[in-house]
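It should be emphasised that the depicted structure is a prediction, and the values quoted were computed from it without experimental measurement.
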There are 2 protein chains.
Amino acid sequence: MLNVDKTLHRQGYRLTKQRRQILGALTPRPQSVYQMMKTLKPKGIDKVTVYRALACFVQLGIAGKIQLDDNTAHYELLAGSKHHHHLICKSCGSVDDIPLNEKLFLNKIRKLTKFQIQRHALEFFGLCAECQ
Amino acid sequence: MLNVDKTLHRQGYRLTKQRRQILGALTPRPQSVYQMMKTLKPKGIDKVTVYRALACFVQLGIAGKIQLDDNTAHYELLAGSKHHHHLICKSCGSVDDIPLNEKLFLNKIRKLTKFQIQRHALEFFGLCAECQ
DNA sequence: TTGAATGCAAAGCTTTTGCAATTCA
DNA sequence: TGAATTGCAAAAGCTTTGCATTCAA
C-alpha cells in the first residue's frame, strides 16, 4: 500500500479515499468493472471514478487489464504477484491462475521477427473441474 | 467454399449471397466488423447481417473470434489455416500471425489441473518493425 | 411453401467525455 | 490556493433484439 502511495505521488497522482477502496476491491483474479461495482457502489463510488482509477493503476503497472470473450475488460491486481496466465471457464465464468514459463516463445519471436514485445496474454478457455 | 456450403447446410443454415460475400471479406488476419464493413457496406450489406453471419461461422468453426485490447471483437478465417498466434502492434494496429508450438503448455495444464481446455489464445502486444 | 435470412429501427451494454463541485497536498 | 479528483448527465461505441419483408431450398 505504501509502495502504491509512492508510485502514485511520483507521477503526480493522488491516493484518495475512493482509490484506496478501488484498490481494495482489486484481486489477483481478473474482475469486470460490473463485478467490482457490487462492492463499490454501496460505498457511494461512481463507475466513472472506477474506470478512471483503473486506467491510472494500469498505467502505473499496479493493475493489469485483460480482455476475455465477453467484450468486457477485466482488471487484476498485479502488485506483488508473479506473471501468470488464466484458465477461464466458459460455463461458470470462473478465472483461475496458472504459472507457465513462456521464455521459449519470447526468444523464438525475437529470433524470427523484429517485433518488439511489450506484453503478452495467454488464456485458456474451457470447462473447470466443477462444470465438466 | 464447397466445404463451407456443406458445413452450413448440414446444420440447417443457408449459404446466401450475403454470407458468401461476408466469407469473402474474411481473411486469416483478424479484422474488426468495422474494418469488414468498409468492403461490405458498399455492397448493401447491413452490419447486423454481418454480426449474425459471423456468429454462425464461428459456431461452425469456419471463423475465429478474438478479443484484442480495444474492446472490439476481431474475426479471422480459420478454414484451411493452421492454428497460430498474433503479434499486435500498439502503434499502427497491424496484426501479424506467428506459428508457435504450445503442446508443452497444454500437456502441463493437463497434468497440473482438471481443467478441460477447449481453446486458447496467445497474443503478443508491442511494436512492429515499422513502428519502432 | 416455409423456415431461414435480411434490413431497418431501436434497445442494451460497456466505456468515455464534459463540466461544475469537491477534495487533497 | 491550485491542480487533481469526483459524480452526475450525456454521449459514444460495439453488439444484440424485434419485427415485417424477402429469399433460398
Side-chain angles (χ1 to χ4, degrees), chain A residues 1-2 4-25 30-60 62-75 93, chain B residues 1-2 4-25 30-60 62-75 93:
Chain A
M1 201 67 146
L2 282 173
V4 171
D5 198 4
K6 267 188 198 166
T7 308
L8 282 165
H9 279 94
R10 211 177 296 137
Q11 305 291 328
Y13 293 113
R14 291 170 186 172
L15 185 55
T16 62
K17 189 174 36 168
Q18 288 92 335
R19 288 189 177 170
R20 225 183 312 262
Q21 288 177 310
I22 293 165
L23 204 51
Q31 299 174 83
S32 65
V33 170
Y34 177 81
Q35 289 170 318
M36 296 181 69
M37 286 312 291
K38 289 179 189 167
T39 318
L40 298 171
K41 194 169 188 173
K43 293 178 179 168
I45 301 176
D46 192 84
K47 63 174 177 277
V48 175
T49 304
V50 176
Y51 276 108
R52 286 195 270 231
L54 289 172
C56 162
F57 294 159
V58 169
Q59 202 209 313
L60 298 177
I62 296 165
K65 178 183 181 181
I66 66 164
Q67 292 287 145
L68 301 188
D69 265 14
D70 58 355
N71 301 330
T72 70
H74 290 239
Y75 296 86
Chain B
M1 201 64 145
L2 281 174
V4 170
D5 198 3
K6 268 187 197 167
T7 307
L8 282 165
H9 280 94
R10 210 178 297 138
Q11 306 290 330
Y13 292 113
R14 291 169 185 172
L15 185 54
T16 61
K17 189 173 37 170
Q18 288 92 335
R19 288 191 175 170
R20 225 183 311 262
Q21 288 177 311
I22 293 164
L23 204 52
Q31 299 174 84
S32 65
V33 169
Y34 176 81
Q35 290 169 317
M36 296 181 69
M37 287 311 292
K38 288 179 189 166
T39 318
L40 298 171
K41 194 169 187 173
K43 292 178 179 167
I45 300 176
D46 192 83
K47 63 173 177 276
V48 175
T49 304
V50 175
Y51 276 108
R52 286 196 269 232
L54 289 172
C56 162
F57 294 160
V58 169
Q59 202 209 313
L60 298 177
I62 297 165
K65 178 183 180 179
I66 67 165
Q67 293 289 142
L68 302 188
D69 265 12
D70 58 356
N71 300 331
T72 70
H74 290 239
Y75 296 85

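- When rounded to the nearest whole Å, the span between CD1 of A/I45 and P of D/dT5 equals 15 Å.
- Of the candidates C/dG7, D/dC8, D/dA25, C/dG7 carries the atom nearest the B/D46 side chain, counting heavy atoms from C-beta on.
- B/Y34 comes within 4.0 angstrom of nothing in the nucleic acid, heavy atoms only.
- One finds a side-chain N or O of A/T16 lying less than 4.0 angstrom from the OP1 or OP2 phosphate oxygen of D/dT6.
- Residue B/R19 places at least one side-chain N or O closer than 4.0 Å to OP1 or OP2 of C/dA5.
- The separation between A/K43 atom NZ and D/dG7 atom P is 13 Å, rounded to whole Å.
- Nucleotide D/dT6 holds its P atom 12 Å from the CE atom of A/M37, rounded to whole Å.
- Taking 4.0 angstrom as the limit, A/Q18 places none of its side-chain polar atoms (N or O) nearer than this to OP1 or OP2 of C/dC24.
- When atom types are taken as modelled, the side chain of A/Q31 and the backbone of A/A25 share a donor-acceptor pair closer than 3.5 angstrom.
- When the side-chain nitrogen and oxygen atoms of A/Y51 are compared with OP1 and OP2 of C/dT15, one or more of them lie within a distance under 4.0 Å.
- Nearest-nucleotide positions on DNA chain D place B/H74 closer to the 5' end than the other of B/H9 and B/H74.
- Side-chain proximity of A/V48 to C/dC24, C/dA9, D/dG7: nearest is D/dG7.
- Both A/R52 and B/A73 lie near DNA chain D, and the one whose nearest nucleotide falls closer to the 5' end is A/R52.
- At a threshold of 4.0 angstrom between heavy atoms, the contacts of A/A53 with the nucleic acid are absent.
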